[in-house]
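Remarks on the structure that follows.
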Amino acid sequence: MKTYKFTINGNKYSVDVADIEDNKTKVEVNGTSYEVTLDMPDMMASRPSKPVVKIATPPTPKAAPTPAAVPQAAAAKSSGSAIKSPLPGVVLDIFVRVGDTVKAGQHIVLLEAMKMENNIDADREGVIKEIRVQRNDSVMEGDVLLVIE
């Protein structure tokens, strides 16, 4: 069973999804159980044949602020390159630790999505500054997995 957290129109939902057998599954939303029938042809048509992984980097500021103008915590968060989840899934493994040096293209996180294992790779060379997820965490598309400095 996999657990996902959603916020829809300001309302928070905790959704547990059981394994899908044929086109049926059991779903529990905020403690209420439902039996769900999936429209499989639509799912298969909308699923890409190969996962596309895009690694986002924060925008470069136009002018560097003076040190007095930026609080220390904000300055620490703005440095480095955030590696984000390209799709919703579950973290199966993390191959690096804070302080490790990585090279561009090196596998850093293993993410399970749509019953497929997806390697998330470093987009550049650097040092792991922060790891924001743990094994078995459910992540949504765009969630920051870790930061490379």
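This is a predicted model, so every value here is computed, not measured. Residue numbers count from 1 along this sequence.
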Side chain to side chain, E141 and S85, heavy atoms closer than 4.5 Å: no
Run the side chain to side chain contact (heavy atoms under 4.5 Å, CB included) test against T37 and tell me which residues pass, sequence neighbours left out. N23, K24
Sorted by chain and number, sequence neighbours left out, side-chain hydrogen bond (donor to acceptor under 3.5 Å, both in side chains) with K26 holds for none
Would a single hydrophobic cluster contain both F95 and V91, if residues Ile, Leu, Val, Met, Phe, Trp and Tyr are joined by side-chain heavy-atom contacts under 4.5 Å? no
Give the intermediate values and the outcome of side chain to side chain contact (heavy atoms under 4.5 Å, CB included) for residues D123 and I83. CA-CA 8 Å; D123 63 342; I83 304 300; 3.4 Å; yes
D143 meets the side-chain hydrogen bond (donor to acceptor under 3.5 Å, both in side chains) criterion, sequence neighbours left out, with none
Measure the spacing between OH of Y13 and CD1 of I8 and express it to the nearest 0.5 Å. 5.5 Å
Any side-chain heavy-atom pair of P86 and N118 under 4.5 Å: no
Does R124 reach the main-chain N or O of I148 with its side chain, forming a donor-acceptor pair under 3.5 Å? yes
If Ile, Leu, Val, Met, Phe, Trp and Tyr residues are connected whenever their side-chain heavy atoms lie under 4.5 Å apart, and connections chain through other members, are V90 and V139 in the same group? no
Between L145, I94, L110, which is the residue that forms a side-chain contact (heavy atoms from CB on, under 4.5 Å) with I120? L145
Pairs touching residues 103-115 that satisfy side-chain hydrogen bond (donor to acceptor under 3.5 Å, both in side chains), sequence neighbours left out: K2-E112, H107-D121
Assess whether side chain to side chain contact (heavy atoms under 4.5 Å, CB included) is satisfied between V27 and D16, documenting all intermediate values. CA-CA 6 Å; V27 175; D16 295 321; over 6 Å; no
Show the nearest heavy-atom pair for residues A113 and P88, with the distance to one decimal. CB-O, 3.2 Å
Side-chain donor/acceptor of T25 to backbone N/O of V36, under 3.5 Å: no
Do I128 and L146 have side chains that approach each other closer than 4.5 Å (heavy atoms only, starting at C-beta)? yes
Return the minimal non-hydrogen interatomic distance between V15 and F6, and the atom names on each side. CG2-CD1, 3.6 Å
Once side-chain hydrogen bond (donor to acceptor under 3.5 Å, both in side chains) is applied, do any residues pair with S14, and if so which ones, sequence neighbours excluded? none
OH/Y34 to CD/E28 distance, rounded to the nearest 0.5 angstrom? 10.0 Å
Tell me the closest heavy-atom pair linking V144 and V133, and the distance in Å. O-CG1, 4.1 Å
Contact between Y4 and V17 at the side-chain level, heavy atoms closer than 4.5 Å - yes or no? yes
With a 4.5 Å cut-off on side-chain heavy-atom distances among I, L, V, M, F, W and Y, is there a chain of contacts connecting L87 to V109? yes
I'd like to know if I131 and L92 are part of one continuous hydrophobic network [Ile/Leu/Val/Met/Phe/Trp/Tyr, side-chain heavy atoms within less than 4.5 Å]. no
Do V147 and R132 come close enough that some side-chain heavy atom pair is under 4.5 Å? yes
Only pairs at least two apart or in different chains count here, so list each side-chain hydrogen bond (donor to acceptor under 3.5 Å, both in side chains) that has a residue in residues 87-101. D93-R135
Establish whether I108 and V98 are linked, either directly or via other cluster members, by ILVMFWY side-chain heavy-atom contacts under 4.5 Å. yes
